[in-house]
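Notes to accompany the following structure.
This structure is a prediction, so every number in the text was calculated from the model and none was measured.
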Amino acid sequence: MPTVFDVFLDRPAVLPEIAEKAAALVADYGASDTALLDVLFGRTKAEGRLPFELPRSMEAVDAGHEDVPDDSQDPLFPYGHGLDVRPPTE
């Protein structure tokens with residue numbers, strides 16, 4: 001069964017195990033359940049870009065510099081990764 005994962009992101013997270021099992025991975029910054037479901041069921045347009053990268057592993061986090069954003073060698077999702085999904089036209 002295809003599964004959509006909605007992850008609340010108030011800071012970068014390490015999510016490779018979730019991403020590999022998901023049919024879709026949604027980054028949520030505080031949207032209501034109604035807004036999320038409207039997007040998932042195609043009733044409204046979804047768009048957005050990551051304001052930070054999502055590293056591939058904790059090793060990548062440890063290898064990075066605390067004061068340098070987005071410095072992973074091979075991030076799972078780079079800074080600015082995102083989408084523009086439009087609902088189907090009638």
Side-chain angles (χ1 to χ4, degrees):
M1 176 63 69
T3 304
V4 175
F5 285 88
D6 174 45
V7 180
F8 177 71
L9 292 176
D10 60 348
R11 66 184 66 108
V14 178
L15 306 170
E17 293 84 8
I18 293 172
E20 76 180 31
K21 293 183 180 357
L25 182 60
V26 177
D28 177 354
Y29 303 100
S32 70
D33 293 343
T34 301
L36 175 64
L37 291 172
D38 282 347
V39 167
L40 293 178
F41 287 110
R43 293 187 288 257
T44 191
K45 176 184 170 187
E47 60 184 316
R49 303 275 177 224
L50 282 173
F52 40 70
E53 73 179 23
L54 296 182
R56 189 167 296 281
S57 66
M58 281 308 298
E59 291 79 16
V61 173
D62 292 338
H65 299 91
E66 287 184 25
D67 58 344
V68 178
D70 311 317
D71 67 341
S72 293
Q73 292 298 319
D74 182 28
L76 183 64
F77 297 106
Y79 167 81
H81 181 84
L83 56 80
D84 182 3
V85 177
R86 299 175 192 280
T89 57
E90 296 182 39

Where [X] and [Y] come nearest, the two heavy atoms and their spacing:
X: Phe8; Y: Gly30; answer: CE1-N, 3.5 Å
X: Ala19; Y: Leu76; answer: CB-CD2, 4.0 Å
X: Leu50; Y: Pro78; answer: CD1-O, 3.9 Å

Shared ILVMFWY cluster between [X] and [Y], side chains joined below 4.5 angstrom?
X: Tyr29; Y: Phe77; value: yes
X: Leu25; Y: Leu9; value: yes
X: Val7; Y: Val14; value: no

Can you confirm whether Glu66 is buried at CD, in the sense that more than 12 heavy atoms of other residues, nucleotides or ligands lie under 6.0 Å from that atom? no
Identify, with sequence neighbours excluded, every residue that meets side-chain hydrogen bond (donor to acceptor under 3.5 Å, both in side chains) alongside Asp38. Arg43
Could you tell me which residues satisfy side-chain hydrogen bond (donor to acceptor under 3.5 Å, both in side chains) with Asp62, sequence neighbours excluded, listed by chain and number?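 Expected list: none.
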Determine whether [X] and [Y] make a side-chain contact, defined as any pair of heavy atoms from C-beta on separated by less than 4.5 Å.
X: Phe5; Y: Leu15; answer: no
X: Val26; Y: Val39; answer: no
X: Asp6; Y: Leu40; answer: no

How many angstroms lie between atom CG of Leu37 and atom OG1 of Thr44, to the nearest 0.5 angstrom?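 These two atoms lie 12.5 Å from each other.
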Please collect all side chain to side chain donor-acceptor pair (under 3.5 Å) contacts where either partner lies in residues 69-81, sequence neighbours excluded, each pair once. Glu53-Ser72, Arg56-Asp74, His65-Asp71
